[in-house]
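Here is the structure we will look at.
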Amino acid sequence: MKSSYQPVGPTDENIISVSTLNRLARGLLEECFPSVIVEGEISNLAMPASGHWYLTLKDEHAQIRCAMFRNRNRSVRLKPGNGMQVIVRGRLSLYEGRGDYQLILDSLEDAGAGALQRAFDALKKKLAEEGLFDAERKRPVDDSCRHVAVITSPTGAVIRDIISVFRRRYPGMNVTVLPVAVQGEAAVPAIIQAIHAANLHAEKLGFDAILLARGGGSLEDLQAFNDEGVARAIVASTLPVVSAVGHETDVSIADFVADLRAPTPSAAAELLSPDQAEWMAGLAFQAERIGKLLQQTLQRKQQQLAWTRKRLVHPGRRLQDQAQQLDRLEQQLQRALRVRLQSHSQRVSSLRQRLQHPGHKIRQQSAHLKQVQARLQRAMKQQLQTHQQSLGALARQLDSISPLQTIQRGYSVTKNTSSAVITSVSQVQTGEEINTVVTDGVIRSIVSSASRGGQYE
């Protein structure tokens with residue numbers, strides 16, 4: 001990268017001041033090195049009342065002055081000291097007043113802790129990209145557990161706190177401790193093996209969940225719970241896993257992959273156990289409610305019993321009532337029979353009065369029959385006379401149009417041998433026999449000739 005200042009020959013116009021030189025050098029450094037990460041050992045540490053930190057960062061061969069201003073060092077969790085190996089991030093600059101080349105720091109962390117943090121961040125990113133932190137993958141965990149497998153150190157305050165909470169909240173909770181080392185080289189394989197064992201014997205022992213617990217500590221102390229193998233064992237567990245590693249401010253990879261994260265082991269025990277005080281209060285409420293229901297039911301049954309007693313009648317009295325009812329029905333039956341008998345008697349008398357002797361009936365019918373026969377004869381005679389008169393009139397009408405009358409006046413009817421009337425000469429042939437009907441008989445003739453247009457003579 002080129003600077004804006006170009007040295008030239010020693011002329012009056014090109015001569016600059018020390019301040020200008022330092023300012024140009026500062027601009028060049030800050031432009032070329034806006035952000036660098038450097039590892040080294042702290043020495044000459046100074047923390048004046050202004051709140052700024054001044055130190056020298058060195059290695060075996062060189063050193064550089066550093067400054068970390070108050071607005072930056074407030075966020076540093078590490079308390080620095082001489083001889084401490086650290087990793088810093090900052091920008092190169094130059095203090096113009098003295099011409100000192102220095103590094104202005106933005107962050108400072110322990111070199112060992114920094115490596116662990118970078119490994120932690122890398123693993124966290126990897127597992128997050130695989131979806132192992134997704135809420136959809138995790139199983140719900142509530143206070144319905146009755147047997148918990150606790151994976152932790154068998155000694156120390158953690159297991160005592162967990163058992164104490166369980167005894168206080170729910171004495172009936174079954175707790176099985178799977179002892180493991182929670183720190184050091186043996187911790188990771190022990191924790192993985194304990195998770196596998198809990199799942200292997202879950203059905204036989206009746207485990208409902210796994211509680212993975214440990215007290216607080218530094219990032220290095222919690223390293224076993226930031227191991228990828230432990231994280232994948234938690235994910236592969238068929239039992240839900242509750243992570244309670246460190247204090248509330250401590251965060252581990254186990255916390256991210258677990259089904260539920262508790263801020264402390266004691267808090268985890270409270271999340272997994274029902275509160276017996278709440279249960280007792282609930283039982284008392286239910287007992288009171290049942291008592292009220294029983295009392296209401298008893299009162300209702302007593303009222304029903306009193307009402308039934310009022311309606312209940314002694315059998316003797318009921319028999320008396322039935323006997324009276326029977327007598328009343330018997331009297332009603334007798335009255336009905338008497339009325340029915342009287343009605344029938346009156347009807348029989350009426351029928352007897354209307355009944356006549358058969359001989360008298362026959363004589364009446366015979367006289368009636370004679371009257372009918374006489375009327376029938378008169379009607380037949382009258383109808384015969386009417387028909388005779390009508391027939392005579394018809395005969396006269398028929399006789400007036402009869403061909404016989406015509407014949408009697410001198411006319412005749414000629415027929416062939418088939419009795420067909422001959423009305424034209426075309427109907428006969430020479431030599432054919434014909435019959436001529438006259439008034440008193442038939443004249444048979446043989447046709448000698450037939451011609452048209454002849455005149456009667």
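Sequence positions, counted from 1, serve as the residue numbers for this chain.
Between D106 atom CG and R72 atom CZ the span is 4.5 Å, to the nearest 0.5 Å. In this structure, the separation between CZ on R77 and CG on D110 is 12.0 Å, given to the nearest 0.5 Å. Rounding to the nearest 0.5 Å gives a distance of 10.0 Å between CG of L376 and CD of Q383. Distance NZ/K370 to CD/Q373: 8.5 Å, rounded to 0.5 Å.
Salt-bridge annotation for E109 and R89: absent, with no side-chain N of the basic residue lying under 4.0 Å from a carboxylate O of the acidic one. Salt bridge present: D259 and R139 bring a charged side-chain N and a carboxylate O closer than 4.0 Å. Comment: R137 does not engage E130 in a salt bridge, judged by the lack of any side-chain N to carboxylate O separation of less than 4.0 angstrom. Salt bridge absent: E129 and K124 never bring a charged side-chain N and a carboxylate O closer than 4.0 Å.
Classification of the F69-H52 ring pair by plane angle, with boundaries at 30° and 60°, yields perpendicular.
Summarising the geometry of R65 relative to Y101, their closest heavy-atom pair is CB-O, 4.0 Å, with the distance given to 0.1 Å. The minimum heavy-atom distance between I191 and A224, with the atom names listed, is CD1-CB, 4.2 Å.
Side-chain contact of T386 with Q382: a donor-acceptor pair under 3.5 Å is absent, judged by distance alone. T264 and S266 share no donor-acceptor pair across their side chains, judged by distance under 3.5 Å alone. Residues S237 and N199 have side chains that bring a donor and an acceptor to within less than 3.5 angstrom of each other.
Cation-pi check for R146 over Y170 is met; the charged atom lies under 6.0 angstrom from the ring centroid and within 45 degrees of its normal.
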